[in-house]
Protein chains: 4
Amino acid sequence: MGRANTAAAGPEPAERHHGNRHGRSEQARQAVLEAADDLLVEKGFTGVTIEGIAARAGVAKQTVYRWWKTKTDVLLDAFLQDAAKALNPPDHGDLGPDLRAHLRQLALFLTRSDAGAVFKALIGYAQHDPAFAAALRAGYLDEQRRRDLLPLERAVERGQLPAGLDMAAEIDQLVGPVYHRVLMTAEPVDQAFTDRLVEVFLHRADVADAGEIGSR
Amino acid sequence: MGRANTAAAGPEPAERHHGNRHGRSEQARQAVLEAADDLLVEKGFTGVTIEGIAARAGVAKQTVYRWWKTKTDVLLDAFLQDAAKALNPPDHGDLGPDLRAHLRQLALFLTRSDAGAVFKALIGYAQHDPAFAAALRAGYLDEQRRRDLLPLERAVERGQLPAGLDMAAEIDQLVGPVYHRVLMTAEPVDQAFTDRLVEVFLHRADVADAGEIGSR
Amino acid sequence: MGRANTAAAGPEPAERHHGNRHGRSEQARQAVLEAADDLLVEKGFTGVTIEGIAARAGVAKQTVYRWWKTKTDVLLDAFLQDAAKALNPPDHGDLGPDLRAHLRQLALFLTRSDAGAVFKALIGYAQHDPAFAAALRAGYLDEQRRRDLLPLERAVERGQLPAGLDMAAEIDQLVGPVYHRVLMTAEPVDQAFTDRLVEVFLHRADVADAGEIGSR
Amino acid sequence: MGRANTAAAGPEPAERHHGNRHGRSEQARQAVLEAADDLLVEKGFTGVTIEGIAARAGVAKQTVYRWWKTKTDVLLDAFLQDAAKALNPPDHGDLGPDLRAHLRQLALFLTRSDAGAVFKALIGYAQHDPAFAAALRAGYLDEQRRRDLLPLERAVERGQLPAGLDMAAEIDQLVGPVYHRVLMTAEPVDQAFTDRLVEVFLHRADVADAGEIGSR
DNA sequence: CCCTAAACGAGACGGTACGTCTTGTCTTTTG
DNA sequence: CAAAAGACAAGACGTACCGTCTCGTTTAGGG
């Protein structure tokens, strides 16, 4: 989805004009992505229309349709461009601080940032469109899941956690409750909440050292 | 939102025709709700339109607008009607079996039933419309959260769990991971997954008996 | 072509709401027809667009599309409404004055009036669209031809012309040269020109009295 | 209008240059003109598009725009190229046969030939665009009118017709009815019709010899 | 047993946005 | 330096729904 999002992901420096002679206008591309972002923040998901994006970007409608299939493709492209780097978990060399910082960062991203607003809108739309859901996962969620796992993997390497954990399941128990509050209950996701999730996990992992959890 | 959804919750038999003389047509109401449900399952959320609902229900557009403000109001009404009773946790008199059955039921509801499909669509739309999100919470999620808490409360009454738990947080750690898989990762939510969530919780709670968790 | 043009031809006073309940808006209909006329005069045939008609008429595009298939249908309807009565030949009881007045009136209509401008545009478009050409003939030209014939028929009744004339061919020789100048050469079509056409015809007809023309 | 149509009229013999380098590509020019002609015959005037012409000619759009301003310019150029010679009246040394042959030829050209179809399309468009109408007259109609006059002029030289005739008006009475049937009534223009026009004219001219018509 | 007032079906209306199409301009590369 | 390729701004096309409205019909009390 989004024929052009390779440009968002990679560099491809001197690769242009194949059959074509001068390729697309980077200026138009940027204007469209910014317009889409702005409109979402200002008027909400419903207020984003391709017509509105084109008008705000000073671009012809056809130029939007040439490179993106739907408004959600534009939003995804915009989101990937300015939010991909946002959620790298830090590396303090210690599992506890790493997880606490990462969950806190995730909560702030989801509840406070513009990119988080776009993200929530896209998650919402993904519930209505399986093809887009797949694109969202391929373009962002899978990679984010890999980033979520990093603290655990580093802890395993350090010997802080036992090998043989079902990492995916463990991560679900850490980030799942955060998403649950954000997407469903609208309760605040404060530091006390995220810290407590980490505490429970660490406590359980300590016990695992003694042999119980790894054996499941 | 949804002026008419009291009718969905209760029977109110002999309460009708005040200023009016014969009240609304129950036949039309049912036809609309069924049409909305059918359309959602057949053509997805985007394929549901008030125009389409009216046509499929054999009803005038105005009749829909007379009783519901938006298509999501119709869908919510339909959902409340045929899914309200679905998720009552059983009472085996034992916490473990209660939780295992309840989480399993929740997972099946979300991933297998038609009502679950409607529910996911509504959750998705709620990300785009805060007012609707509030209505969805008021109409369903709050009540469901109360049902989710029942097994824990009964366990406390039985002395199986200590008093003083932060129940909301505990429940988030049980249902959060399930919603996370359903709404975000599209990984299967099989019985092994839900059972494991319960196991972890019970293990933690056992330790709490010895005093650690309650002290937070 | 144009489902509504019966209204242009006849009165049909108390005939409304059959399958429908309150029928179409006469106000909208008039606004559309006037807008189309105005646009043609102001900006030419190419400058007439359905979008422009709707905007100028203060009407939704769909309202235009509901009742007319194309912009030329609108223009034809408009033309039929305000020009049908324009070209009735007078009846002086004498063939010469009748024909002179009628041809003069035709020339003025074609070269001076707004309706004539619309008519020329429609004739032009008819060259590009045989179906529309047929509609134009059915809606106007056939009837106009009947009116053109009236002076000759009255003259035959009066005995001023012999019976047995090929009336269609005679009329072609009177009006043909006028249309030729208007549509092709752009030479002025002044009274001298039209009067001369009549003179030639009358001269020929006089001789015909002596037997020559009727014998063809 | 039509910057390039000298090329249609004149020879420019040994001036060729493969694809590029200096000067325009005669190959591209021919391809464009043929494509325009073909499209008009296949899909009608509306179906002719600069975009379509370029595609069908295997030529870039810009190449069309470089040499012609509008699609009607292309069609006019194409028409002038392959139809200019078509309507030269013959010279039998006798007015009657000359006129009969010429009118018959005109009728056939208009109703039967591909070039006639293009011509009718251009006449139609000329009703919508005065500038193009002028170009069409300058490029074709004026010259054709001169050809139409030839039989009469030769007859005057031969003494078969009196000098002092209003030749333009006379010709209008001969060709006007033909165009009238072709452009407006869609009645057949068979030989009986054209022969009769000539007969009437000759009859009138004979009488004119006796003095009446010349005196007007 | 009408009388009355609502709810109803039907559907026209003014609108907004859709996604497509063509126009005429432009920029770049190739031969 | 013309021609091929094709991106671009502009704007009309015809369609689908939106939410509002006005009709005329249906229906079930209350007078």
Side-chain angles (χ1 to χ4, degrees), chain A residues 16-25 27-29 46 48-55 57-67 69-71, chain B residues 16-25 27-29 46 48-55 57-67 69-71, chain C residues 16-25 27-29 46 48-55 57-67 69-71, chain D residues 17-25 27-28 46 48-52 54 57-67 69-71:
Chain A
R16 269 294 119 77
H17 19 80
H18 10 60
N20 168 20
R21 302 310 167 88
H22 66 301
R24 70 190 288 192
S25 157
Q27 191 180 336
R29 185 176 173 275
T46 310
V48 180
T49 61
I50 291 203
E51 200 128 311
I53 290 170
V59 139
K61 242 176 13 163
Q62 183 58 42
T63 298
V64 181
Y65 280 110
R66 188 157 22 233
W67 302 109
K69 277 196 129 80
T70 62
K71 72 171 181 175
Chain B
R16 268 295 120 77
H17 21 79
H18 12 64
N20 168 22
R21 303 308 170 83
H22 65 301
R24 70 190 288 192
S25 157
Q27 191 181 337
R29 185 176 172 276
T46 310
V48 179
T49 61
I50 291 206
E51 200 126 316
I53 290 170
V59 139
K61 242 176 20 162
Q62 185 56 40
T63 298
V64 181
Y65 280 110
R66 193 162 12 238
W67 302 109
K69 277 194 126 86
T70 63
K71 72 169 181 176
Chain C
R16 268 294 118 78
H17 18 81
H18 10 60
N20 171 19
R21 303 312 165 86
H22 63 300
R24 70 191 287 192
S25 157
Q27 191 181 335
R29 185 176 174 276
T46 310
V48 179
T49 62
I50 291 203
E51 198 128 312
I53 290 170
V59 140
K61 245 177 12 164
Q62 184 57 42
T63 298
V64 182
Y65 281 111
R66 189 159 19 236
W67 301 110
K69 277 194 127 80
T70 63
K71 72 170 181 176
Chain D
H17 334 283
H18 27 70
N20 40 352
R21 249 44 183 191
H22 17 296
R24 72 191 284 194
S25 158
Q27 192 181 335
T46 309
V48 179
T49 296
I50 291 210
E51 198 123 318
V59 139
K61 244 173 29 163
Q62 185 56 38
T63 299
V64 181
Y65 279 111
R66 194 160 11 237
W67 301 109
K69 276 194 129 81
T70 63
K71 73 170 181 177

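Protein chains get the first letters and strands the later ones, always in sequence-line order, with residue 1 at the start of each.
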Name the nucleic acid region contacted by B:G58, choosing base, sugar-phosphate or nothing; use a 4.0 angstrom heavy-atom cut-off, strictly under.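 Result for B:G58 = sugar-phosphate.
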
Quick check: closest heavy atoms across A:T70 and A:I50, and the distance to 0.1 Å?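 Shortest heavy-atom separation between A:T70 and A:I50 comes out as C-CD1, 4.0 Å.
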
If you look at every heavy atom in C:S25 and C:A28, which pair is closest and at what distance?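 That closest heavy-atom pairing would be OG-N, 2.9 Å.
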
Protein-nucleotide distance ([X], atom [atom1]; [N], atom [atom2]), rounded to Å:
X     : N      : atom1 : atom2 : result
A:Q27 : E:dT27 : CD    : P     : 12 Å
A:R29 : F:dA9  : CZ    : C1'   : 20 Å
A:K61 : F:dA7  : NZ    : P     : 19 Å
C:K69 : F:dA12 : NZ    : C1'   : 19 Å

Closest to the [X] side chain: [options]?
X     : options                : result
B:E51 : E:dG9, F:dC18, F:dT15  : F:dC18
A:V59 : F:dA9, E:dC13, E:dG15  : F:dA9
C:Q62 : F:dC17, E:dG19, F:dC13 : F:dC17
C:A60 : E:dC18, E:dG15, E:dG9  : E:dG15
B:Y65 : E:dC13, F:dT20, F:dC13 : F:dT20

Taking the nucleotide of DNA chain E with the closest heavy atom to each, which residue, B:A28 or A:K71, is nearer the 5' end?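 With B:A28 and A:K71 compared, the 5'-side residue is B:A28.
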
pair A:T63-A:R66: side-chain heavy atoms closer than 4.5 Å: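 A side-chain contact exists here, since the closest heavy-atom pair is under 4.5 Å.
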
Nearest 0.5 Å, please: how far is CZ in B:R29 from CH2 in B:W67?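 That separation rounds to 10.5 Å.
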
Return no unless some side-chain N or O of [X] is found under 4.0 Å from OP1 or OP2 of [N].
X     : N      : answer
B:T63 : E:dA7  : no
C:T49 : F:dA12 : no
A:R24 : F:dC8  : no
D:W67 : F:dA2  : no
D:R66 : F:dA2  : no

How do C:G52 and B:G52 order along DNA chain F: which one's closest nucleotide is nearer the 5' end?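 First, find each residue's nearest nucleotide; the 5'-ward one identifies C:G52.
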
Are the side chain of B:T49 and the backbone of B:G52 linked by a donor-acceptor contact shorter than 3.5 Å?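 Yes; judged by distance alone, with no hydrogens or angles, the pair exists.
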
